[in-house]
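Data block below; observations after.
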Amino acid sequence: MSMRKTVADLHNELVRYNLVAWTAGNVSGRVPGEDLFVIKPSGVSYDELTPANMVVCDLDGNLVEGEHAPSSDTAAHAYVYRNMPDVGGVVHTHSTYASAWAARGEAIPCVLTAMADEFGGEIPVGPFALIGDDSIGQGIVETLKGHRSKAVLMRNHGVFSIGKDPKAAVKAAVMCEDVARTVHVARQLGEPLPIPQDDIDRLYDRYQNVYGQRSPR
């Protein structure tokens, strides 16, 4: 299954961008055309991750294929997939700067054009929820439904990000940590200047619809 390789390979990006420590964090990807998703096995070192040891679950979080127990965050990922059908990838990290904002229960304000581009506004805070059932998933969905942000800071926990596919979700997690760090540094120097909403809207529209290489129509 190609999604196994995609998800396994993308975990290397979490390490590359210093978003995870030890075995924390995970990437999952929805299997196109099926009510299944691929996710990291629980507690397995990043150095040992391969397509073969990725696990496949149904949208209730039940193990369908694999010899390992799925990630302890599987119920949260499953809830997102069940309730946000356009989401094709979910990522969770405890990246340092973004998690520091989460520990304060404070949204990251939109004070950088890169934030307007990628997130269309602030990066919001989701509610505190304990791991083990789909409570975290409920908080993710409640916070991000109707919000342009592809990342949420779950209070006292860390980052969950979503995307049209796993790579897009990883990009959102990378960008979330990048802007969290920059806005934190700006706060040490003084009060960051907000970007007017009209300009945020223009920046977001340009980045989402004009920026980059586009296929001929």
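None of these values were measured; they are calculated from a predicted model.
Hydrophobic clustering (side-chain heavy atoms under 4.5 Å, transitive across Ile, Leu, Val, Met, Phe, Trp, Tyr) groups Met84 together with Ile39. Side-chain heavy atoms closer than 4.5 Å link hydrophobic residues (I, L, V, M, F, W, Y) into clusters, and following such links, possibly through other members, connects Val7 to Leu19. Residues Tyr17 and Val159 are members of separate hydrophobic clusters, defined by side-chain heavy-atom contacts under 4.5 angstrom among Ile, Leu, Val, Met, Phe, Trp and Tyr. Both Leu59 and Val87 belong to a single network of hydrophobic side chains, linked directly or stepwise wherever heavy atoms of I, L, V, M, F, W or Y lie under 4.5 Å apart. Note on Val15: it clusters hydrophobically with Val174, by side-chain heavy-atom contacts below 4.5 Å among ILVMFWY residues.
Nearest heavy-atom pair, Gly25 versus Lys40, reported as atom, atom and distance to 0.1 Å: O-CD, 3.4 Å. Contact record, Ala169 with Gly163: CB-N, 3.7 Å, taken as the closest heavy-atom pair. The shortest heavy-atom contact between Ser135 and Leu130 is CB-O, 4.2 Å. Pairing each heavy atom of Leu10 with each of Pro166, the nearest pair is CD1-CB, 3.4 Å. Minimum heavy-atom separation, Gly61 to Ala78: N-CB, 3.7 Å. Nearest heavy atoms, Gly190 versus Pro192: O-CD, 3.4 Å.
Screening residues 143-153 for side-chain hydrogen bond (donor to acceptor under 3.5 Å, both in side chains), with sequence neighbours left out, gives Arg148-Asp201. The ring pair (Phe, Tyr, Trp, His ring centres under 6.0 Å) pairs that include a residue from residues 24-50 are His11-Tyr46, Phe37-Tyr81, where partners are two or more places apart or lie in different chains. Legend: side-chain hydrogen bond (donor to acceptor under 3.5 Å, both in side chains) pairs involving residues 116-125, not counting sequence neighbours, sorted by first then second residue: Glu118-Lys171.
With sequence neighbours left out, Glu13 forms a salt bridge (charged side-chain N to carboxylate O under 4.0 Å, His left out) with Arg16. Asp165 is linked by a salt bridge (charged side-chain N to carboxylate O under 4.0 Å, His left out) to nothing, counting only residues two or more places apart in sequence or in another chain. For His77, there are no ring-ring contact (aromatic ring centres under 6.0 Å, His included) partners two or more places apart in sequence or in a different chain.
With respect to Arg202 and Asp199, a salt bridge is recorded, a charged nitrogen being found less than 4.0 Å from a carboxylate O.
For the pair Ser42/Asn26, no side-chain contact is recorded, criterion being any heavy-atom separation below 4.5 Å from C-beta on. Using a 4.5 Å heavy-atom cutoff, the side chains of Glu177 and Thr93 are not in contact. In this structure, Ile136 and Ile131 have side chains that are in contact, with non-hydrogen atoms separated by less than 4.5 Å. Contact check for Phe160 versus Leu144: no side-chain heavy atoms found under the 4.5 Å cut-off. By the 4.5 Å heavy-atom criterion applied to side chains, Met154 and Pro127 are counted as neighbours. Residues Leu14 and Val91 are in side-chain contact: their nearest non-hydrogen atoms beyond the backbone lie under 4.5 Å apart.
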Applying side-chain contact (heavy atoms from CB on, under 4.5 Å) to Met54 and Met3, what does each step give before you reach the verdict? CA-CA 9 Å; Met54 294 295 106; Met3 186 56 71; over 6 Å; no
Audit row: Gln208, Arg206, side-chain contact (heavy atoms from CB on, under 4.5 Å) steps and yes/no: CA-CA 6 Å; Gln208 300 298 322; Arg206 172 191 165 276; over 6 Å; no
Audit row: Glu106, Leu153, side-chain contact (heavy atoms from CB on, under 4.5 Å) steps and yes/no: CA-CA 8 Å; Glu106 183 178 0; Leu153 311 175; over 6 Å; no
Can you check side-chain contact (heavy atoms from CB on, under 4.5 Å) on Cys176 and Phe119, steps first, answer last? CA-CA 9 Å; Cys176 179; Phe119 300 104; 4.1 Å; yes
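In this structure, OG1 in Thr6 is found 10.0 Å from NZ in Lys167, a value given to the nearest 0.5 Å. Considering CE of Met115 and CD1 of Ile108, their distance stands at 5.5 Å, rounded to 0.5 Å. Taking CZ of Arg104 as the reference point, atom NE2 of His184 lies at 7.5 Å (rounded to 0.5 Å). Distance CG/Asn62 to OG1/Thr74: 10.0 Å, rounded to 0.5 Å. Summarising the geometry, atom CG belonging to Asp60 is positioned 9.5 Å from atom CG belonging to Asp134; distances are rounded to the nearest 0.5 Å. The distance from the CG atom of Asp178 to the OH atom of Tyr97 is 11.5 Å, given to the nearest 0.5 Å.
Considering Val80, Ile162, Val152 in turn, Val80 is the only one that fulfils the side-chain contact (heavy atoms from CB on, under 4.5 Å) rule with Val141.
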